[in-house]
Amino acid sequence: MESSGELKRTHSCGDLSAKNAGQDVVLMGWVQKRRDHGGVIFLDLRDRSGVVQVVLSPDAGDSPGSSFERASSVRAEYVLAVSGLVRRRPPGTENPRMATGEIEVATTELNILNTARALPFYPEDAASVDEALRLRYRYLDLRRPECWRIFNMRQRAAALIREFLTKRNFLEIETPILTRSTPEGARDYLVPSRVHPGEFFALPQSPQLFKQMLMIAGFERYVQFARCFRDEDLRADRQPEFTQVDLEMSFVDEQDIQRLTEEMLAYLFGKFLDVELSIPFPRLTYRESMRRYGSDKPDLRFGLEIEDVSSLLAESSCRVFAGAVKSGGVVRGIRVPGGAGFSRKVLDELTQLAVEWGAHGLAWFILGEKGVRSPLLKTIKPEEIDALLSAMGGQTGDLLLLIAAQRQTAEEVLGRLRLHLAGMLDLIDDKQFSFVWITEFPLLEYNEDEERWEAVHHPFTSVLEEDLPLLKTHPERARARAYDIVLNGVELGGGSIRIHRRDLQEQIFDAIGLEAQDAQEKFGFFLEALDYGAPPHGGIAFGFDRLLMLMLDLETIRDVIPFPKTQKATCLLTGAPAPVISKQLRELHICCSQENKKKEQNEEQTDS
RNA sequence: GGAACUGUGGUGUAGUCGGUUUAACACACCGGCCUGUCAAGCCGGAGAUCGCGGGUUCGAGUCCCGUCAGUUCCGCCA
């Protein structure tokens, strides 16, 4: 193994072309592949820019210790410095499948900067390797052009967003990572204080209060690529630490924020993907979205809308339908074009799913060539079927699926059924980007477990002026000045117009059962800030990881995060989280339960 | 907290209803040969007791139970 010695890198592998023929170059990089013919050795040398073929022949001197001899000991993923002449390949040996396939580097000097053991897997194969192993050796997984492309895109997207917002006069500001735990929302990650025994910082779930206080400070327009931390269970699109594009503006209303967001996304998609987004995006109220799509994050890339046929069947001779309506429920359904061909087995599977999801059953009507087929045919009157067909637009070849249940259950089950059917029937065009705003979310919802009202968005969200009186009488009906932006059925971001008056803020705290004293203790600093000239303000935050995942057509945000955690929130690479030695705990005034103590002592022994 | 799927040499897979296997194949690895390959080739070699622990059985990679890990989903995620 040598140092690069006198060699100084002059070019990057992927940048070489026939134009460089005749030049002496020095390259540094990794050995992607070795083809040793005994008399002539080919090495594919890779750096971030690409791959180029390096050739060594005994002309380089095959005396002991020569470059040629060194080359024959080279293995995949060795790190090399090579010096040589760029030349056109001999006629007939060009490789059209390689960007640099017209040329090669006739190497006169080869230094091995580092060797590599046989790898657990080779970067080239990483895509097909078990993800746990890839995460264990993430630096090898990341040693491939596809990953560099993703992180290059990540940087570009961030740059475009910064560029756009800078032009719009936004200030990029960092807020604390060590902050105060807030009672609302997700579980906090806590950090013990050494200086203050028994007290803890929390990692921010979002910079919410800080950005509001920046508005109170008069910054007017704030943005941050904010790291956020939430100690909740993971999903393909959820990591315990993630990045939000967090922004806030003063003296604005919903439309201002939404317009800015649309322009920003249009700018980003235009420059980044060369995709022209049509703005403004469609808007659906929460209620309408739930009714038509059974979801507050509807995927609008396909139809299969939910129809309400409650009034048609309220007096039906079929007890399933009439009964549901009589008891305050609904009858709703989906028309599946072409679904008449579904087998009995498939229908049974769908029914089973519907039951799993909370329905009592699934009523189906096959609109076949020879008439309507359904298990309910005997109980339902022909004219009711006719009415159903015309209400749902049923045509020969279609399938109608109906759920009779309480509204919320019907919406939820049909919403999931809708997604399931779209997958089954391959209705989703994955080239499409379908944005939609969901507006007028409920402000509060009742938490059965904790027996109290909670903010749907967060407790700093303002309420629609006209719904203010409902807070006291029908809290569930009060609508928030909150909005989510949804892309292809994924919640990309959400925001709201905030409360900027102390009295309203206190009223909301009261509505969610936060005692005045508690509120004072936990949010006193913020209530106080509202007293000192807080301007009207609002904002939005996007999941930057999710945005990239969707733009790059990936399945999980782990692919756009360099060092992601597993579903159990561990890091396979570093082994975090891990026990710490008791000295650390003592300094932090932390005492662990017995079981953990044992683990930690073992650790200490092996440690010393 | 719950459900489902996955777990075989370094990697990716095969292994059919439990009984021909000394658990097979490809790539990688080690040794040898080879001056134009780019999925280099040819010859030879080493390497897994089948995630782990129980159980059923005359006999288990193959069946059952438990457990661990990874993934997906539900709950949870203001």
- Message: In whole Å, I'd like the distance from the CG atom of A:Leu43 to the P atom of B:A40.
- Response: 13 Å
- Message: How many whole angstroms separate atom OH of A:Tyr189 from atom C1' of B:C76?
- Response: 13 Å
- Ranking A:Glu454 and A:Val55 by the position along RNA chain B of their nearest nucleotide, the one closer to 5' is A:Val55
- Query: Taking the six-membered ring for Trp, are A:Phe523 and A:Phe525 parallel (under 30°), tilted (30 to 60°) or perpendicular (over 60°)?
  - Reply: tilted
- Heavy atoms of other groups near A:Trp30 CH2, more than 12 under 6.0 Å: no
- Ring-face cation contact, A:Phe441 with A:Arg481, 6.0 Å cut, 45° max: no
- Query: With a non-hydrogen cut-off below 4.0 angstrom, is A:Glu555 in contact with a base, only sugar-phosphate, or nothing?
  - Reply: nothing
- Task: Would you kindly compare A:Gln208 and A:Arg87 by the position of their nearest RNA chain B nucleotide and give the one closer to the 5′ end?
- Result: A:Arg87
- So what does A:Thr566 hit on the nucleic acid, given a heavy-atom distance under 4.0 Å: a base, only sugar-phosphate, or nothing? sugar-phosphate
- Note on the structure: The nucleotide from B:C38, B:G36, B:A69 with an atom nearest the side chain of A:Met98 is B:C38
- Note on the structure: From CG of A:Asn95 across to P of B:A40 the rounded distance in Å is 11 Å
- Message: Taking only the C1' atom of each, what is the distance from B:A39 to B:G75 in whole angstrom?
- Response: 48 Å
- Mind checking the P distance from B:G31 to B:C5? Whole angstroms is fine. 45 Å
- Item | Whole-Å C1' distance, B:C64 and B:U21 | 26 Å
- Just checking A:Arg134: base, sugar-phosphate only, or nothing, at a heavy-atom cut-off of under 4.0 Å? nothing
- For B:U56, the nucleotide meeting Watson-Crick or G-U wobble distances (both under 3.5 Å) is none
- Message: Is it the case that atom CD in A:Glu356 sees more than 12 heavy atoms from other parts of the structure closer than 6.0 Å?
- Response: yes
- Message: Please pick, from B:U72, B:G36, B:C34, the nucleotide with the shortest atom-to-atom distance to any side-chain atom of A:Asp36.
- Response: B:C34
- Task: Using a cut-off of strictly less than 4.0 Å, decide whether A:Thr570 has a side-chain nitrogen or oxygen near OP1 or OP2 of B:G70.
- Result: yes
- Message: Has A:Thr100 got a side-chain atom pairing as donor or acceptor with A:Val51's backbone, closer than 3.5 angstrom?
- Response: yes
- Task: Decide, yes or no, whether a salt bridge links A:Lys345 with A:Asp348 under the criterion of side-chain N to carboxylate O below 4.0 Å.
- Result: no
- Message: Any base atoms under 4.0 Å from A:Ser206, or only sugar-phosphate, or nothing? Heavy atoms, all strands.
- Response: base
- Mind checking A:Arg89 for me? I need base, sugar-phosphate or nothing, with any heavy atom below 4.0 Å counting as a touch. base
- Message: Please list, in numerical order, the residues of residues 437-451 of chain A that have a heavy atom closer than 4.0 Å to any atom of RNA chain B.
- Response: none
- Query: Has A:Glu506 got more than 12 heavy atoms of other residues, nucleotides or ligands less than 6.0 Å from its CD?
  - Reply: yes
- Item | Validation row, ring centre A:Phe210 to ring centre A:Tyr222 under 6.0 Å | no
- Could you tell me the separation between the OH atom of A:Tyr137 and the C1' atom of B:G70, rounded to a whole number of Å? 16 Å
- Tell me which nucleotide among B:A40, B:G36, B:C30 gets nearest to the side chain of A:Arg75. B:C30
- Taking the side chain as C-beta and beyond, is there a heavy-atom pair between A:Glu440 and A:Leu464 under 4.5 Å? yes
- Query: For RNA chain B, what residues of residues 227-235 of chain A have any heavy atom nearer than 4.0 Å?
  - Reply: A:Arg230, A:Glu232, A:Asp233, A:Arg235
- Pick base, sugar-phosphate or nothing for A:Arg117, based on heavy-atom distances below 4.0 Å to the nucleic acid. nothing
- Query: Given B:A39, is OP1 or OP2 found less than 4.0 Å from the side-chain N or O atoms of A:Lys33?
  - Reply: no
- Establish, with yes or no, whether the OP1 or OP2 oxygen of B:A39 is under 4.0 angstrom from a side-chain nitrogen or oxygen of A:Arg97. yes
- Item | Separation of the P atoms in B:C27 and B:C63, to the nearest angstrom | 30 Å
- Message: Taking atom CZ as the centre, does A:Arg75 end up with more than 12 heavy-atom neighbours from other residues, nucleotides or ligands that are less than 6.0 angstrom away?
- Response: yes
- Note on the structure: A:Lys297 NZ to B:C77 C1', in whole Å, measures 11 Å
- Message: Could you tell me the Watson-Crick or G-U partner of B:C5, where both distances fall under 3.5 Å? Say none if there is no partner.
- Response: B:G70
- May I ask you to decide if A:Thr243's main-chain N or O and A:Arg227's side chain share a donor-acceptor pair within less than 3.5 Å? no
- When all nucleic acid strands are considered with a 4.0 Å heavy-atom cut-off, which category describes A:Glu356: base, sugar-phosphate, or nothing? nothing
- May I have the distance from A:Arg34 (atom CZ) to B:A40 (atom P), rounded to whole angstrom? 11 Å
- Face-to-face contact A:His37 to B:A40 six-ring, under 5.5 Å, under 30°: yes
- Separation of B:G36 P from A:Asp44 CG (nearest whole Å): 17 Å
Anything under 3.5 Å between a protein N or O and an N or O of nucleotides 9-13 of chain B, put it in a table, one pair a line.
{"residue": "B:G10", "atom": "O2'", "partner": "A:Pro120", "partner atom": "O", "Å": "2.7"}
{"residue": "B:U11", "atom": "O4'", "partner": "A:Pro120", "partner atom": "O", "Å": "3.2"}
{"residue": "B:G12", "atom": "OP1", "partner": "A:Asp130", "partner atom": "N", "Å": "2.9"}

- Message: Is it the case that atom NZ in A:Lys297 sees more than 12 heavy atoms from other parts of the structure closer than 6.0 Å?
- Response: no
- Does the ring centre of A:Tyr286 sit less than 6.0 Å away from the ring centre of A:Tyr483? no
- Message: In whole Å, I'd like the distance from the CD1 atom of A:Ile41 to the C1' atom of B:G41.
- Response: 15 Å
- Message: Can you check the distance between B:G9 and B:A24, where both ends of the measurement are the P atom (answer in whole Å)?
- Response: 13 Å
